[in-house]
There are 2 protein chains.
Amino acid sequence: MPRSGPATRLIDVAERAGVSIATASRSLRGQDGVSEAVAAHVRQVASDLGYVVNVHARTLAGGSTSIVGLIVHEIGDPYFSEIASGVVHLATARGLTVQICHSGRDPVTELSQIRTLLAHGTEAVLIAGSGYVDPTLQSEADKELRAFQRSGGRAAVIGRHFLRTDAVLPANVAAGEAIAEHVLSLGHRRIAVAAGSAALTTVEDRVAGIRAALERHGIAPGDVPVVHSAFTRDGGQEAAERILHEHPRTTAILALNDVMAIGVLSTLRTLGVSVPHDVSVAGIDDIAVAADLAPSLTTVRLHMQQLGELVLSMALKPPSARPRRRGCGHELVVRGSTGPAPRRRA
Amino acid sequence: MPRSGPATRLIDVAERAGVSIATASRSLRGQDGVSEAVAAHVRQVASDLGYVVNVHARTLAGGSTSIVGLIVHEIGDPYFSEIASGVVHLATARGLTVQICHSGRDPVTELSQIRTLLAHGTEAVLIAGSGYVDPTLQSEADKELRAFQRSGGRAAVIGRHFLRTDAVLPANVAAGEAIAEHVLSLGHRRIAVAAGSAALTTVEDRVAGIRAALERHGIAPGDVPVVHSAFTRDGGQEAAERILHEHPRTTAILALNDVMAIGVLSTLRTLGVSVPHDVSVAGIDDIAVAADLAPSLTTVRLHMQQLGELVLSMALKPPSARPRRRGCGHELVVRGSTGPAPRRRA
DNA sequence: CGAGGTTACGTAAGCGCTTTCGTAGCGCAC
DNA sequence: GTGCGCTACGAAAGCGCTTACGTAACCTCG
């Protein structure tokens, strides 16, 4: 779609200001080598003419794009939309625009997204969302990012500490521990986990945290059913059904994220199981609606918006020799969905 | 940030394939004037080399960018993230990437976003989110879009029927009517509205729908308090407080969107008002969590994801002489937050 | 007062692609 | 066998910008 609009070009500004195109270019970018008087004049003329630089020409000539790419697993998921919100907010404040790609949790799509973003010459590529347990699924992506960085590009990820990029690390293991400690402290011993796909490292980490806490309290891993399903509301429903069916004496269900917890709550409501009287339910993430569910959801806050801001700010910093790691706080948020373990169950 | 990566360029593909750069270009874009044998060979070589076209060069030379811009009021709001999800899904399916801009409901920011997107040469500019009642707030944006279209660009919006672009029209008026009819049919007569900013046309439309329905049932506009606040959860809380304070005999609160309804429910819970026993509450939109609130929220489904897909597909169609209009269904979804009007109130 | 350094600007060479235009080669009709 | 109309391809001109390099003009100092 060739556009032939009467857009003002740099050369128009230069002519009108009575300077060369080079001087105009330098003036507008605040580069030195131009007297302040001339620069100010050029800026004035540009503004009068409503000049907007052509990104493509700029990029092609070696300039920067002012675009950052963000790859997320599922843009509709609150976990990711809150991250995206953080990224977009900070980006807007810095005069950058964000190009969002949705991988649908498919490593192949993800790879092609990365390639596209690289070809688009984005300033930085950000990836949010769990990595894959199977390293072969992302080795290509890894290679691509490395090459991108070697050639001066910036990349940063949320999680995926195994990549050689800057990374913000959500407290997955600690969150798992915190939520498990919480239900343990309430006296629960028959605990089940509603987990997302076993292929994701986030799932692995959160489960590891839960297991560690339980083991400290003398509960063997074998005594903790972990039901894998999808990281969605429906996945949570399905997991809850299976848990209640296969392990009817369960008194606490730990969902590995809030979205699944919503599904768990929905199933329990349907089955007439009272929460937290009969069964306690907890999530991880603390998405915005967690406080407004029925009952309100006990969870671990992971500050997604902050994760988003952090990952962008890391990417924007001048590169360092070795990949930086940055944690992000987590807090147990106790609400109405967890309560003391029932004295006995049917 | 000049990038000097060893990216394969078209000329590399051409050389390796033993053809000219022109032929290579034509082959890769499936343009005719190239024999099928040669074209296939070129495509094979390109794929072997992992060639990805440089968008900036392509655009500069008059090609297309494969990028669509989407401007939303508030990316963190589920209404918009569901729209964004629709846009991103369809875009991904069509091999397009989406550039998301967040205007924060500020017309000035919005205008600069539009300019940026135009300067980026996006295929299409999409705007989601209420227009402003005051036309001067958007006349600049309007002008900009018109110029964009005249020069071959595509634009489409959700709502904002006053713009001369293709538009998908959410059923705002009808949704207002539907939700009002619903509470009327339950016997409510003392109805209050928790509204977002009066500056937004969406608010205007939904209120108009509500008023129309009420008037049909003999309730004068003066008898329907409309409390304006922000289109957020906190705004809903605040509106509910004011409604209960100023109009204590209210039996039904209609929130103009689900996010506000969440705030309303929260305030009622805090104040110990039972929903729907004492007061019924309803929203509009049917965001994903509406079904999982406590109580589950009666609302009007506006199919945001579909709105997103529609607006993109309209923008992608060949332009028509006059702006197209496309409606999108709506359905009343009755859940637990509304019930019969109480016989009497304190 | 001229060598050498600085500053302020202009000239022009691309960045990687699309596309216009030109041309070689072929088939076909006369 | 000449001429015409195709088709399949190549050469080269930009798209609008950044930047390396060149060059005046001015300054500083011995």
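If you're wondering where the values come from, they're calculated on a predicted model, not measured in any experiment. So that the names make sense, note that chain A is the first sequence line, chain B the second, and so on, each numbered from 1.
- Taking CD1 of B:Ile75 as the reference point, atom NE2 of A:His89 lies at 9.5 Å (rounded to 0.5 Å).
- In this structure, NE2 of A:His41 is placed 18 Å from P of C:dA8, rounded to the nearest angstrom.
- Taking each heavy atom of A:Leu10 and A:Ala24 in turn, the nearest pair found is CD1-CB, 3.7 Å.
- By the 6.0 Å contact criterion, CD1 on A:Ile11 is open, its count of non-hydrogen atoms from other residues, nucleotides or ligands being 12 or less.
- For A:Thr23, a side-chain nitrogen or oxygen approaches OP1 or OP2 of C:dG10 to under 4.0 Å.
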Scan nucleotides 14-18 of chain D against the protein and return all N/O pairs shorter than 3.5 Å with their distances rounded to 0.1 Å.
unit_1, atom_1, unit_2, atom_2, d
D:dC15, O2, B:Leu60, O, 3.0
D:dC15, O2, B:Ala61, N, 3.2
D:dG16, N2, A:Ala57, O, 3.2
D:dC17, OP1, A:Tyr51, OH, 2.4
D:dC17, OP2, A:Leu10, N, 2.3
D:dT18, OP1, A:Arg29, NE, 3.3
D:dT18, OP1, A:Arg58, NE, 2.9
D:dT18, OP1, A:Arg58, NH2, 3.1
D:dT18, OP2, A:Ser25, OG, 2.5

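- One finds no side-chain N or O of A:Ser35 lying less than 4.0 angstrom from the OP1 or OP2 phosphate oxygen of C:dT7.
- Taking CG of A:Leu137 as the reference point, atom CG of A:Asp142 lies at 12.5 Å (rounded to 0.5 Å).
- The closest donor-acceptor contact from the side chain of B:Ser20 to the backbone of B:Thr23 lies under 3.5 Å.
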